[in-house]
Amino acid sequence: FQEYEKKWQKYWEEKQVFKVEIDKSKPKFYALDMFPYPSGAGLHVGHPLGYIASDIVARYKRIKGFNVLHPMGFDSFGLPAEQYAIQTGQHPAITTEKNINRYKEQLRNLGFSFDWSREIRTSNPDYYRWTQWIFLQLFKSWYNNDTDRAEPITELIKRFNNEGNININAACDEDTPMFTAKDWKEMSEREQQEILAKYRLTYLADTMVNWCPALGTVLANDEVKDGVSERGGHPVIRKKMSQWSMRITAYAERLLKGLDTLDWPEPMKEMQRNWIGKSMGAELLFQVEGLDVDIKVFTTRVDTTFGVTYLALAPEHPLVEQLATPELKEQVNQYVETAKNRSERDRMSDVKTISGQFTGSYAINPFNNERIPIWIADYVLAGYGTGAVMAVPSSDTRDYAFAKHFNLPIIPVQEGEHTDISKEDFDPKAGTMINSDFLNGLTVKEAIQKAIEFVEKKGIGKGKVNYKMRDAIFSRQRYWGEPIPIYYKDGIPYAFDEKDLPLVLPEIDEYKPTETGEPPLGRAKNFKTKDGYPIELNTMPGWAGSSWYFLRYMDPQNKERFVSKEAESYWNEVDLYIGGAEHATGHLLYSRFWNKFLYDIGYVSSEEPFKKLINQGMIQGRSNFAYRVTGTNKFVSYNLRKQYDTTPIHVDVNMVYNDVLDIEAFKAWRDDLKDAEFILEDGKYICGSEVEKMSKSKFNVVNPDDIVEKYGADTLRLYEMFLGPLEQFKPWNTNGIEGVHKFLKKLWKLFHDDAGNLNLSDAEPSKEELKILHKTIKKVEEDIERYSFNTSVSTFMICVNELSALKCNNRSILTDLTIILSPYAPYIAEELWSLLGHGTSIIHASFPQWKEEYITEDSFEYPVSVNGKMRAKISLPLTLSKEEIEKRVLESDSVQKWLDGKDPKKVIVVPNKIVNLVV
RNA sequence: GCCGGGGUGGUGGAAUUGGUAGACACGCAAGACUUAAAAUCUUGUGUCCAUUAGGACGUGCGGGUUCAAGUCCCGCCCCUGGUACCA
């Protein structure tokens, strides 16, 4: 394999074998992998898993006559390169280039059929010019809820001029004021731009952001996990900053609905649904006693309004100050301060402590005019709903706990299942209403309906849909990202002219933020437009470039458009997308958003970008341990370790084979182990093992290059598929690799003599050989079509075992076999194919059709069970009717023996499957 | 807590529609070839009883439906992924 892998790599490259062009005579297939971020560590055996699967599908589809787009590229803007640059002063572009080259070399060694002529890099100006272009389109668009799509902002301005915004139903900021055409015309330029910002799909606004001091940048919600940054695990605090945002919330409903049309794993769809977090409810106004203000609350349980015993406001709520009565002002201020200073993380990790503060003010329950106290409580979140809740302790566990803690009244409004507040499983979502005047006796569902009608009729609120999802923060205070094509005139942001793109990332001498706290781009000299206006210093987040790259692959060199109409309409959407599940609420959601937007403005023809998605599972590391007897330099073998007091130490997995330690290598590993002594079992040192994440520090990283060197790329590819279902998380374990390696050798030997010369028979293939071949074709085809790669490899092994038992070396069998093999083990398949005397390296022959006539026999062996127990096997012709089968089975001696002279009460015959007798 | 996914030999896993559970591979054991080893080949390998023939048990636990359950239903246990004071 060392020899012919090299040979074919060279051949494929020289002949550009996998280069693909639009070909309308063939159906298209777009097989895409999530492109990697080129990190300094290179690929480990886990990375190629998904690429192998998509490559198998790509090759299979080619053989089936599809024109296959199977590209690869690099998500080359990112944090690690920048952090490395800050430390070393080396330009991130240099590190990135170096890493990409290493990645490409490793990918090349694995024999993927990527069309490298379509390679893209997000950090390349020819690419990010179009990322900037899309940004500008978003800036120049607003979302019209009436037509349910994005429209040009120029249309909106026209309407403002004609009628103001009174009849406009748009996705816009909550605090957008109403104005007439006259008002609009009288506004200053600045005022108009501020209004437009409330409508634009990307806009500059003061927003509460997740600020990560250690990284010196803001993070999107999906980049924060448990109050710390996903990358690096640094603490994150909430801070108000002027930031660019993407109005993804405008698309919330469509992003949710679109999920139903997708062939994605259910958990993945569920994660996006949860993230979007749609809830239906109502907004309700509570008048404050003695003040001319209303408190707006959002509730999903408007039916329980008769049970409201207090209102609770988030500490950040704007009305807090106004509501605090003079006597309580000090306590209120103190409470608000403490709550604000508590980091998000504390607030989350400490959900059991109940805290709150009475404001001294009261509100009026609009349903029954009862007077209810207004509290401030940190269990109410400023960022969700209206930042205020109506508390119904009898129907909500949190309100209940709060009311108990502060001795507030509790009014039951439901009876039935789970409504008993003294019980542990208290969580009333069912039952009938009580103590609720006109709602009494209704079910929860009916009561909600009626209560909303009541609220709307009385004008004290309205039914409302609420989403958990927030707009996406789009500014990053970093160097190594796409510059935002915006300049400022009198502090007002304006879009770049599209003709001036790309706005190229300027050179700077250091990559840190400036002393004055400006983003790194603040260091750039003359970072101004040609008219001398200052340019935005923030850059785009990591997900910008990856949100549309699948479109650029269709037409990567186009200078006029991000993708030509022709290429876009031919390749359309991604037919198969393979990648990790960790992108559920990040990349996959943003890509769907941008694609829908581009669809709205007429640049792409499918609303959803990824028709079919598969999440490959992570390949974990399998760490090995040696057991040092505490205080000595003696190591005791795994099964004897209990007899000693030991400390396990990580052992480099490359020194361990089938859990047996290579003692010499171990001694040579580190200086302090030179004189190590060993307590062996059966003459061997057995290591312990544990499954952990693959990482350098755990000495469990397996480099694909090593495997390729020892066994070849074909073996590695087959083995990764053989390891188990693609979607599953599984530890890497080299133990079984010999099995697939042996299979390839066996196949090779089938058609070669001992001297290594091709040894083929040109005789007509026997019926038996054909049967094996076509059985394999049928099964392998079915398996690939349902993406079950592990079972299809097994099918292959059975095929070779059977052919080998027949000593089959038939040329025509080999030809067909090679075609089936090529998706899995491309090198060996191409080598065999060329040995057969076929000149080309792509196997153009179509996947041979399996034939029914080869797979059937003239008889079938029926398993026969009596009272559910298998008792006999009877061979019968296939052509028999149900009745005849029944008759022949009953007559047979072996069945008579089990029936013991009795007649069966019931006979069940399933043709081609089974016969069951009930006595 | 809530929402997903899962639990099958010594191990990774197979069983596609309710129809012979354990395919395929690893490991292990025995044998052939060899002076020997490696490689290769052959045979065996769920557990228990039995010399054999054969039998009993067996897919996390307890029930149920069915002629027939790894698969369907009810109630638990455990592992795992996501998510969370989301009103």
Side-chain angles (χ1 to χ4, degrees), chain A residues 225-226 265-275 277-279 281 297-302 304 312 314 347-348 350-354 377-381 383-392 395-399 401-402 425 427 466-469 581-582 584-585 615 617-618 658-659 719 722-725 727-731 733-740 742-743 745-746 749 754 779 782-783 785-786 788 790-799 801 804-805 861-873 904-908 910 912-919:
Chain A
K225 294 266 143 78
D226 301 325
E266 202 46 51
M268 192 68 19
K269 294 201 218 177
E270 206 51 38
M271 272 190 246
Q272 290 208 349
R273 282 189 197 111
N274 288 338
W275 186 261
K278 181 179 183 174
S279 57
V297 303
F298 173 74
T299 178
T300 55
R301 294 294 306 277
V302 63
T304 62
R347 249 165 103 166
M348 282 204 286
D350 178 27
V351 293
K352 289 204 179 70
T353 319
I354 295 163
D378 69 356
Y379 79 86
V380 182
L381 302 175
Y384 182 73
T386 61
V389 303
M390 56 174 232
V392 187
S395 294
D396 183 283
T397 45
R398 292 154 305 169
D399 297 346
F402 192 85
D425 64 347
D427 182 23
N466 212 11
Y467 297 94
K468 255 197 290 194
M469 184 169 66
E582 66 275 17
T585 52
N615 297 121
M618 206 203 305
N658 282 347
D659 285 341
Y719 183 56
F722 184 72
L723 218 45
E727 302 86 349
Q728 210 162 82
F729 278 60
K730 56 215 155 203
N733 184 345
T734 320
N735 290 353
I737 200 165
E738 297 282 354
V740 290
K742 256 190 266 184
F743 151 71
K745 282 203 275 190
K746 212 166 175 177
K749 273 186 2 200
D754 293 340
K779 182 79 167 45
E782 285 169 357
D783 285 340
E785 295 283 358
R786 65 185 177 106
S788 176
N790 55 331
T791 52
S792 65
V793 175
S794 297
T795 307
F796 237 114
M797 291 182 176
I798 298 168
C799 165
N801 283 343
S804 149
E861 200 169 48
Y862 283 86
V864 180
S865 74
V866 180
N867 289 338
K869 300 255 181 211
M870 300 312 307
R871 292 304 186 192
K873 281 177 185 171
K905 288 180 194 147
K906 200 167 169 189
V907 178
I908 297 149
V910 183
N912 283 0
K913 275 193 178 166
I914 200 162
V915 179
N916 255 287
L917 308 172
V918 185
V919 182

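Throughout, a chain's letter reflects where its sequence line sits, starting with A, and its residues are numbered from 1. Just so you know, these numbers use all the heavy atoms, side chains as well, and skip hydrogens, waters and symmetry mates.
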* Structure fact -> Paired to B:A56 by Watson-Crick or G-U wobble criteria (both distances under 3.5 Å) is B:U47
* Asked: Given atom CZ of A:Arg273 and atom C1' of B:A84, what is their separation to the nearest angstrom?
  -> 19 Å
* Asked: What does A:Gln728 touch in the nucleic acid at a heavy-atom separation under 4.0 angstrom: a base, only the sugar-phosphate, or nothing?
  -> sugar-phosphate
* For A:Arg398 and B:C86, is the shortest distance between a side-chain N/O and OP1 or OP2 below 4.0 Å? -> yes
For nucleotides 57-60 of chain B, print each protein N/O atom paired with a nucleotide N/O atom at under 3.5 Å, atom names and distance only.
none

* Asked: Side chain of A:Val918: nearest nucleotide among B:G13, B:C26, B:C67?
  -> B:C67
* Structure fact -> As its Watson-Crick or G-U partner within any shown strand, both distances under 3.5 Å, B:C85 has none
* Structure fact -> Looking only at B:C67, B:A15, B:A87, the nucleotide nearest the A:Lys906 side chain is B:C67
* Just checking A:Lys905: base, sugar-phosphate only, or nothing, at a heavy-atom cut-off of under 4.0 Å? -> nothing
I'd like a list of close polar pairs between nucleotides 3-6 of chain B and the protein, N/O only, cut-off under 3.5 Å.
none

Using the 3.5 Å cut-off, write out each protein N or O paired with an N or O of nucleotides 20-25 of chain B and the distance between them.
| from | atom 1 | to | atom 2 | distance (Å) |
| --- | --- | --- | --- | --- |
| B:U20 | O2 | A:Lys873 | NZ | 3.3 |
| B:U20 | N3 | A:Lys873 | NZ | 3.4 |
| B:A25 | OP1 | A:Asn801 | ND2 | 2.9 |

* Structure fact -> Ranking B:A87, B:U16, B:G13 by distance to the side chain of A:Pro725, first place goes to B:G13
* **Proximity to the side chain of A:Leu381 - top-ranked nucleotide from B:U16, B:A39, B:C85** => B:C85
